[in-house]
**Q** 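One structure follows; several queries about it will come next.
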Amino acid sequence: MLKFDINILWTLINLIIFFVLMKLFLFKPIKKTLDKRKELIEGQFKAAEDKEKKAEELQAQYQSQLSGVEDEKKAIIAEARNNAKGEYDKIVARANNDATKIKQDAKKASELESEKARLAVKQEIAELAMQAATKVVEKEVSPETDKMLYDQFLNESSDK
């Protein structure tokens, strides 16, 4: 049979004591450190997941804002085109009004020049008539003849 030796008992007691001491002084602090590290890593994973979710939310928000900016850009461009068209129409209308006014002024000036020319012609006719009358008076003609000559001269002058 087996012999029971006291050395085996002391070895077992030593091993148990060594195990208890190792557990108290080595395994517990290592387990605490490992647990702290595990919690830290889990916390970092959770923070990373939270940041990823927040980043996705921000990306979605930026995408919606970007589409809103696109719509706003189109609206601003359309408004600018409408304003430009309105300004263009105003400028064209102003130019048409100015052209019409210039035409009217030119027509008035032309009419004034024509009237001045008519007055000048009438004045010249009157002077010629006076010269003719003077020549006729010199010849001693009767008043009826003077009137007839004067009318005939005016008719000939106005026909020219």
Side-chain angles (χ1 to χ4, degrees), residues 21-160:
L21 288 175
M22 289 283 280
K23 189 173 183 182
L24 286 177
F25 293 111
L26 185 64
F27 293 148
K28 280 189 179 179
I30 289 176
K31 187 174 182 201
K32 283 182 184 178
T33 304
L34 289 176
D35 287 342
K36 285 181 184 177
R37 279 214 166 156
K38 185 178 178 182
E39 288 175 12
L40 178 69
I41 291 169
E42 287 175 356
Q44 288 175 345
F45 274 127
K46 186 175 180 183
E49 287 175 359
D50 291 343
K51 285 182 181 181
E52 185 179 359
K53 286 179 184 177
K54 188 173 182 179
E56 288 173 356
E57 289 173 2
L58 285 175
Q59 184 181 12
Q61 182 181 2
Y62 290 145
Q63 288 295 331
S64 66
Q65 286 178 352
L66 194 63
S67 65
V69 167
E70 279 293 321
D71 294 339
E72 187 177 341
K73 177 183 82 169
K74 288 177 183 177
I76 289 171
I77 288 172
E79 182 181 348
R81 283 185 180 153
N82 288 338
N83 290 344
K85 183 170 178 5
E87 194 64 31
Y88 171 79
D89 290 343
K90 285 180 187 177
I91 290 170
V92 168
R94 195 177 322 136
N96 286 337
N97 289 341
D98 290 347
T100 303
K101 186 177 178 183
I102 289 170
K103 285 180 184 177
Q104 289 174 348
D105 290 347
K107 187 176 181 181
K108 286 180 184 177
S110 172
E111 290 173 358
L112 284 175
E113 288 297 320
S114 295
E115 190 61 33
K116 283 182 184 178
R118 282 189 201 122
L119 287 175
V121 168
K122 280 184 181 181
Q123 202 171 24
E124 191 175 326
I125 290 173
E127 286 178 15
L128 288 174
M130 289 300 287
Q131 288 175 359
T134 307
K135 286 182 183 178
V136 170
V137 171
E138 288 177 358
K139 292 186 178 179
E140 295 182 15
V141 182
S142 70
E144 293 170 358
T145 309
D146 285 345
K147 185 177 179 186
M148 182 182 78
L149 286 173
Y150 183 71
D151 288 339
Q152 183 182 5
F153 181 76
L154 283 177
N155 286 336
E156 288 176 8
S157 296
S158 63
D159 288 341
K160 292 181 182 177

**Q** Does this structure show an ion pair linking Glu115 with Arg118, if we count only N-O contacts that are shorter than 4.0 Å?
**A** yes
**Q** What's the separation between atom CD in Glu57 and atom CD in Glu52, rounded to the nearest 0.5 Å?
**A** 11.5 Å
**Q** Using a 3.5 Å distance criterion without hydrogens, assess whether the side chain of Ser110 forms a donor-acceptor pair with backbone atoms of Ala106.
**A** no
**Q** Under a 4.0 Å N-O cut-off, is there an ion pair linking Lys85 with Asp89?
**A**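 Answer for the salt bridge query: yes.
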**Q** Roughly how far apart are Leu66 CG and Lys73 NZ, rounded to 0.5 Å?
**A** 9.5 Å
**Q** Is there side-chain contact between Lys36 and Leu40, with heavy atoms separated by less than 4.5 Å?
**A**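 Answer no - side chains too far apart.
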**Q** For residues Asp50 and Lys46, determine if any side-chain heavy atom of one lies less than 4.5 Å from a side-chain heavy atom of the other.
**A**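 Yes - at least one pair of side-chain heavy atoms lies under 4.5 Å apart.
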**Q** With rounding to the nearest 0.5 angstrom, report the CG to CG distance, Asp105 to Leu112.
**A** 10.5 Å
**Q** Do the side chains of Gln65 and Gln61 get nearer than 4.5 Å, heavy atoms only?
**A**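 SC-SC contact between Gln61 and Gln65 confirmed.
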**Q** May I ask you to decide whether Glu111 forms a salt bridge with Lys108, counting only side-chain N to carboxylate O separations under 4.0 Å?
**A**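 No salt bridge links Glu111 with Lys108.
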**Q** Measuring from atom OG1 of Thr33 to atom NZ of Lys38, what distance do you get when rounded to the nearest 0.5 angstrom?
**A**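 One finds 14.5 Å between OG1 of Thr33 and NZ of Lys38.
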**Q** Hey, what do you get for CD (Glu79) to CD (Glu72), rounding to the nearest 0.5 Å?
**A** 10.5 Å
**Q** Distance from Asn97 atom CG to Gln104 atom CD, nearest 0.5 Å?
**A** 9.5 Å
